Amino acid sequence: MTTTFVFHELYLWHDTGHAALLFPPGLTVQPGEHAENPETKRRMKNLLEVSGITDHLSLVKPRRATEDELARIHTRAHIERIREMSASGGGEASALTPFGPGSYEIAQLAAGGAIVAMDAVLSGGAPNAYALIRPPGHHALADLGMGFCLFANAAVAIEHARAMHGVGRVAVVDWDVHHGNGTQAAFYSDPDVLTLSIHQDNLFPANSGALDERGEGPGQGYNLNVPLPPGCGNGAYLEVMRRIVVPALERFRPDLIVVACGFDASGADPLGRMMVSSEGFRAMTEVLAEAADRLCGGRIVMTHEGGYSASYVPYCGLAVLEALSGVRTGIDDPFEPVIAGYGQQALQPHQADAIAAAEGLLAGIK
Ligand SMILES: [Zn+2]
């Protein structure tokens, strides 16, 4: 059994326009490249190809998620609004979330990519899966697209898994540098879906992702936020994996682990201020894979989220795919010595304090 890999060329045709990173052009903002442009994902796909790892993966084509599948998470009004705007040439799902013609269908294909990755793992055909999909999903709310996300890909796939595969408990580990607010909101009152987000403190969305957002009603205790100070590197992230993520998974005992896999905590990202290297992402994946082997038959489904360094994300992505598949391609990451050599890569005392503050959340998982 090999790792399943989901991709479609149309993911790269989702058009976010000519912003200056985030901001729409105007008389005082020169048109430039939107941060969430196709190049990062295209180059990741290309490096996977050139490295040879693609030959060792089971390549699966996505399908478009149906409106009913999207509606397990989203309101019909939201789905219809995105569909109409897309059909009339595009628009903005909300501030800073532009999209072009055809983006409705491409976003359906992204959510459907997460669904087929889920199917591959839950049917027993693959031990784990990676969906390299676009647009991303973890910021999208039931009735609103935001943060470059139109539909909540991972959440839609989780509801598919519960409805169609009878999956009981799902744990979501979100290591995108931004708070996974959409996934949190989707399952905030649900004790059967543990949502755990590791993110830079108060980065995006504003005032979102604090320690005290712990779930509500029967879901109380089943949402964990680990807000970290800027400047965390491999040492801090691995400490979070060891001291928060693994113990949380051991307490929760999921049937399946879903990873909202952003690479914007890398040391080269224009939107995040963290310092994780490709070896850091490899090590985090290995920790997770070991926990998954012990707890849920190795079942991991990763959905691609953010990550905006077109030069660096490919090496981070390759490291994660190597760790998931157990295949080593021998490709060296030329950035590794640079980023791993940054000062304060090891766990710093103030970072340990932030992690210790989140440890108290574990007791909420019954
Ligand atoms: Zn992000």
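One-based numbering, in listed order, for ligands and for the atoms of each. Just so it is clear, the structure is predicted and the values come from calculations on it, not from any experiment.
- Taking the six-membered ring for Trp and the full ring otherwise, His178 and His199 have centroids separated by 6.0 Å or more.
- There is no side-chain donor-acceptor pair under 3.5 Å between Asn181 and Ser208.
- Side-chain contact check for Gln184 and Asn225: at least one donor-acceptor pair (N or O, by modelled atom type) lies under 3.5 Å.
- When each of His139, His74, His138 is paired with Phe151, the ring-ring contact (aromatic ring centres under 6.0 Å, His included) condition holds for His74 and for no other.
- Partners of Tyr11 by ring pair (Phe, Tyr, Trp, His ring centres under 6.0 Å), not counting sequence neighbours: none found.
- Around the Zn ion (ligand 1), the protein N, O or S atoms found under 2.8 Å comprise Asp176 OD1, Asp176 OD2, His178 ND1, Asp264 OD2.
- Aromatic ring centres of Phe148 and Tyr308 lie closer together than 6.0 Å.
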